[in-house]
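Contents: one structure, followed by commentary.
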Amino acid sequence: MKVTYLYLSGFCVEMEDRVLIFDYWKGELPVFEKTVPVYVFVSHGHMDHYNPEIFKLKDRYEHIKYIISDDVEELPDDEAITKVHGNRTYQVDDIFIKTYYSTDVGVAFVLETCGKRICHFGDLNWWHWNTGEAISNQWQEKHYKMIIQQMKKDHYDLVFGPPLDHRLEEAYWYGMDEFLKNIDADVVFPMHFGIGYKWIDKYLEEHPSEKNKKIVKIHHKNEVFEL
């Protein structure tokens, strides 16, 4: 597999006979042969996870499908679009999809394709805001831990997330740490840090663990990783 970090929570995965694009907002998308099947995933409608420009890809690729959270509004009337809800299962061509509710908006995706299990967290995270109300932070902790427990029965070959978001200040690491303690994953790409790549180093330095060796250090937009 080849993974390209686009920006924020956007990633492109090139597999043996298909391409997966997650939460494209900004960044330069690789160009593929027009006959390659392309699957575009949108976890929710926040402007930093969804760019309507993705529909222009239909002019470039012969076989393209969109799997989009049902909170995204004003979508084209197009049979290539599958709208998805949280806590459901779907099949698009030969890709099996499980969705989990986000602790913010939309869904997290788990895919089974080409013999791999791939997860994209979207905005699923332990969002603990210093400026937030205590009851809201308690809800976040409870529901995030509940979803992680639901996910932990499976092994994951490739995971995008959870977020390492500097806006959470000293709580930026809560979601990642809970995830790594509970879920078996081979490769983990942090996300939602913008160009704050130092937050990956900060987490690795402040929370040393054998499981942290699974975390991929990202250095710049459009960085390519061969897995």
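Note that the structure is a prediction, hence the values are computed from the model and not measured.
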So if I apply the side-chain hydrogen bond (donor to acceptor under 3.5 Å, both in side chains) rule between Y172 and each of H166, E206, K202, H128, which one comes out positive? E206
Stepwise, does the side chain to side chain contact (heavy atoms under 4.5 Å, CB included) test hold for N222 with T4? CA-CA 6 Å; N222 287 98; T4 302; 4.1 Å; yes
Tell me which pairs pass salt bridge (Lys or Arg N to Asp or Glu O under 4.0 Å) where either residue lies in residues 216-225, with sequence neighbours left out. D201-K217
Would a 4.5 Å heavy-atom cut-off, applied to side chains only, mark V3 and V187 as touching? no
K152 backbone acceptor or donor facing N182 side chain under 3.5 Å: no
For H155, does its backbone N or O pair with a side-chain atom of R117 as donor and acceptor, under 3.5 Å? yes
Side chains of Y66 and K58: does their closest heavy-atom pair fall under 4.5 Å? yes
Side chain to side chain contact (heavy atoms under 4.5 Å, CB included) for V84 and I97? Distances and angles first, verdict last. CA-CA 10 Å; V84 300; I97 303 165; 5.6 Å; no
Spacing of CE belonging to M176 relative to CG belonging to L204, to within rounding of 0.5 Å: 8.5 Å
Do W199 and F179 belong to the same hydrophobic cluster, where Ile, Leu, Val, Met, Phe, Trp and Tyr are linked whenever their side-chain heavy atoms lie under 4.5 Å apart, directly or via other members? yes
For the residue pair V107 and Y101, establish whether any side-chain heavy-atom pair is separated by less than 4.5 Å. no
Residues in salt bridge (Lys or Arg N to Asp or Glu O under 4.0 Å) with E74, at least two apart? none
With the 4.5 Å side-chain cut-off for hydrophobic clustering, are V72 and L8 part of the same group? no
Under the side chain to side chain contact (heavy atoms under 4.5 Å, CB included) criterion, do W126 and I148 qualify, and how do the steps go? CA-CA 10 Å; W126 181 343; I148 292 296; over 6 Å; no
If I compare all heavy atoms of L75 with all of F55, which pair ends up nearest, and what's the gap? CD2-CZ, 3.8 Å
Of the options H143, K145, Q138, which is the one that meets E141 in a side-chain hydrogen bond (donor to acceptor under 3.5 Å, both in side chains)? K145
Cluster check V110, V159: I/L/V/M/F/W/Y, side chain < 4.5 angstrom: yes
Taking atom types as modelled, is there a side-chain donor on D104 or S102 under 3.5 Å from an acceptor on the other? no
Do I135 and W127 belong to the same hydrophobic cluster, where Ile, Leu, Val, Met, Phe, Trp and Tyr are linked whenever their side-chain heavy atoms lie under 4.5 Å apart, directly or via other members? no
Sequence-distant partners of Y203, ring-ring contact (aromatic ring centres under 6.0 Å, His included), two or more places apart: H207
Do other residues, nucleotides or ligands put more than 12 heavy atoms under 6.0 Å from K153 NZ? yes
Name all residues meeting the salt bridge (Lys or Arg N to Asp or Glu O under 4.0 Å) criterion together with R167; count only those two or more places apart in sequence or in a different chain, and write none if there are none. D165
Step by step, work out the salt bridge (Lys or Arg N to Asp or Glu O under 4.0 Å) result for D154 and K98. CA-CA 12 Å; D154 293 321; K98 165 70 177 173; over 6 Å; no
Approximate separation, where rounding is to 0.5 Å, of Y156 OH and M151 CE: 4.0 Å
In the structure I gave you, are the side-chain heavy atoms of L158 and V13 within less than 4.5 Å of one another anywhere? yes
Heavy-atom distance under 4.5 Å between the side chains of V19 and C12, does that happen here? yes
Do any N or O atoms from the side chain of T99 and from the backbone of A108 form a donor-acceptor pair under 3.5 angstrom? no
Ion pair R18/D93, N-O distance below 4.0 Å: no
Does some side-chain heavy atom of L57 sit less than 4.5 Å from a side-chain heavy atom of I21? yes
Can D186 and L227 be said to form a side chain to side chain contact (heavy atoms under 4.5 Å, CB included), step by step? CA-CA 10 Å; D186 290 341; L227 304 179; over 6 Å; no
Which pair of heavy atoms, one from I218 and one from P190, lies closest together, and at what distance? CD1-O, 3.6 Å
Are any of the side-chain heavy atoms of L168 and N125 separated by less than 4.5 Å? yes
With sequence neighbours left out, write down each residue that passes ring-ring contact (aromatic ring centres under 6.0 Å, His included) with H44, or none if nothing qualifies. H46, H49
Taking only residues at least two apart or on different chains, which pairs with a member in residues 5-37 satisfy ring-ring contact (aromatic ring centres under 6.0 Å, His included)? Y5-F11, Y5-F193, Y7-W25, F11-F160, F11-F189, F22-F41, F22-H120, F22-F160
